[in-house]
Amino acid sequence: MLQWQDWQKAPAEILEAIDSGLHSANLAAAPLDEVQALVCSVHDAAGRLLGGALGRSWGQCAELQQLWVCAEQRRQGLGSALLMRFEALAAQRGCTQVYLETFSFQAPGLYLRHGYREVSALRGFPQGIVKYLLQRPLDPA
């Protein structure tokens, strides 16, 4: 007999068991041990972090998971520079495309200006927010 439990806040051991079980199943199906972190950051002369891009590469695909620029440095080209640096690192690894997800309140315009195209748009979030899947082919390094 199955017993169901619904959680408002699941205990850590439930979350860990689900994550571990999925990870094991995924490793059995695909060579996920080949996934490599891909990170670049920029700092001022005093060493203060001004922004960064982080993601991963696997085969010919690179995924940009996060791109952040500190508030006082935004709209000065740093986001574009980080994006181009991330793409260059991905190309050096042999990646032929970069993909990412971004919300409409984040920076879809930045990515579109850099040649990304919309693959899909998911609607239904509060306040008309849209989540985009964007992709851009890369020239080989």
Side-chain angles (χ1 to χ4, degrees), residues 2-141:
L2 297 176
Q3 296 179 16
W4 293 91
Q5 289 184 311
D6 299 326
W7 306 92
Q8 288 295 320
K9 183 175 180 181
E13 61 269 11
I14 296 290
L15 300 174
E16 290 169 15
I18 293 169
D19 190 54
S20 176
L22 180 59
H23 183 68
S24 295
N26 287 345
L27 280 176
L32 295 178
D33 56 331
E34 296 173 7
V35 175
Q36 297 178 49
L38 185 57
V39 181
C40 57
S41 60
V42 62
H43 306 259
D44 67 13
R48 185 175 71 103
L49 179 65
L50 300 178
L54 68 89
R56 56 192 172 185
S57 65
W58 185 30
Q60 295 180 339
C61 296
E63 179 184 13
L64 176 59
Q65 296 171 297
Q66 296 180 350
L67 189 144
W68 168 79
V69 174
C70 67
E72 60 271 13
Q73 294 293 319
R74 292 182 187 154
R75 301 209 180 274
Q76 298 181 38
L78 201 50
S80 290
L82 282 163
L83 180 59
M84 290 186 291
R85 177 75 174 180
F86 184 89
E87 291 172 348
L89 293 171
Q92 288 173 12
R93 289 190 182 176
C95 294
T96 59
Q97 66 175 318
V98 176
Y99 68 95
L100 60 93
E101 293 178 330
T102 188
F103 283 106
S104 54
F105 62 85
Q106 293 174 324
L110 168 71
Y111 304 115
L112 294 172
R113 285 191 302 277
H114 283 274
Y116 285 76
R117 66 175 182 82
E118 182 182 315
V119 175
S120 68
L122 181 61
R123 291 170 171 78
F125 297 99
Q127 303 171 338
I129 293 169
V130 180
K131 185 173 191 175
Y132 296 101
L133 172 62
L134 305 177
Q135 182 268 343
R136 174 174 147 21
L138 294 177
D139 295 325

Open item on the list: Within the 4.5 Å heavy-atom criterion, are Y111 and L67 side-chain neighbours or not?
Closed with: yes
Task: H23, NE2 atom: more than 12 neighbouring heavy atoms under 6.0 Å - done: no
- [ ] Look only at the side chain of R113 and the backbone of G109, and say whether a donor-acceptor pair between them is shorter than 3.5 Å.
- [x] yes
TODO: Could you tell me which non-hydrogen atom of S80 sits nearest to which non-hydrogen atom of L110, and how far apart they are?
DONE: OG-CD1, 3.3 Å
Task: Main-chain N/O of F103 paired with Q106 side-chain donor or acceptor, under 3.5 Å - done: yes
- [ ] Test side chain to side chain contact (heavy atoms under 4.5 Å, CB included) on Y116 and V98 and set out the steps.
- [x] CA-CA 9 Å; Y116 285 76; V98 176; 3.3 Å; yes
- [ ] Measure the shortest side-chain to side-chain distance between L112 and H114 over non-hydrogen atoms and say whether it is less than 4.5 angstrom.
- [x] no
TODO: Quick one: pull up CD in E101 and CG in L134 and give me the separation to the nearest 0.5 Å.
DONE: 9.5 Å
TODO: Kindly compute the distance separating CZ (R74) from CH2 (W68), expressed to the nearest 0.5 Å.
DONE: 7.5 Å
TODO: Supply the atom-to-atom distance Q66 CD to L54 CG, rounded to the nearest 0.5 angstrom.
DONE: 4.5 Å
Task: Nearest non-hydrogen partners of E63 and F86, listed with the distance - done: O-CZ, 3.5 Å
Open item on the list: Could you measure the distance from the CG atom of L32 to the CG atom of L27? Nearest 0.5 Å is fine.
Closed with: 5.5 Å
Open item on the list: Would Q97 and Q60 count as a side chain to side chain contact (heavy atoms under 4.5 Å, CB included) here? Give the steps.
Closed with: CA-CA 7 Å; Q97 66 175 318; Q60 295 180 339; over 6 Å; no
Task: Interatomic spacing from CZ in R85 to OG in S41 - rounded to 0.5 Å - done: 9.5 Å
Task: Enclosure of R48 CZ (heavy-atom neighbours >12, cutoff 6.0 Å) - done: yes
Open item on the list: To check you understand the geometry: which heavy-atom pair defines the closest contact between G128 and S104, and what is its length?
Closed with: O-OG, 4.4 Å
- [ ] Decide if atom CZ of R136 counts as having more than 12 heavy atoms of other residues, nucleotides or ligands within a radius under 6.0 Å.
- [x] yes
Open item on the list: Before you tell me yes or no, could you show the steps for I14 and E16 under side chain to side chain contact (heavy atoms under 4.5 Å, CB included), namely the whole-Å CA-CA distance, both residues' side-chain angles and the distance that decides it to 0.1 Å?
Closed with: CA-CA 5 Å; I14 296 290; E16 290 169 15; over 6 Å; no
Open item on the list: Quick check: do C70 and L49 have side-chain heavy atoms less than 4.5 Å from each other?
Closed with: no
- [ ] Give the minimum heavy-atom separation between L82 and G51, together with the two atoms involved.
- [x] CD1-C, 3.7 Å
- [ ] Evaluate the criterion side chain to side chain contact (heavy atoms under 4.5 Å, CB included) for residue pair L64 and L83; output intermediate values, then yes/no.
- [x] CA-CA 9 Å; L64 176 59; L83 180 59; 3.8 Å; yes
Task: Separation of S57 OG from Q92 CD (nearest 0.5 Å) - done: 11.5 Å
Open item on the list: Please check this pair: side chain of Q76 against backbone of E72, looking for a donor-acceptor N/O pair closer than 3.5 Å.
Closed with: yes
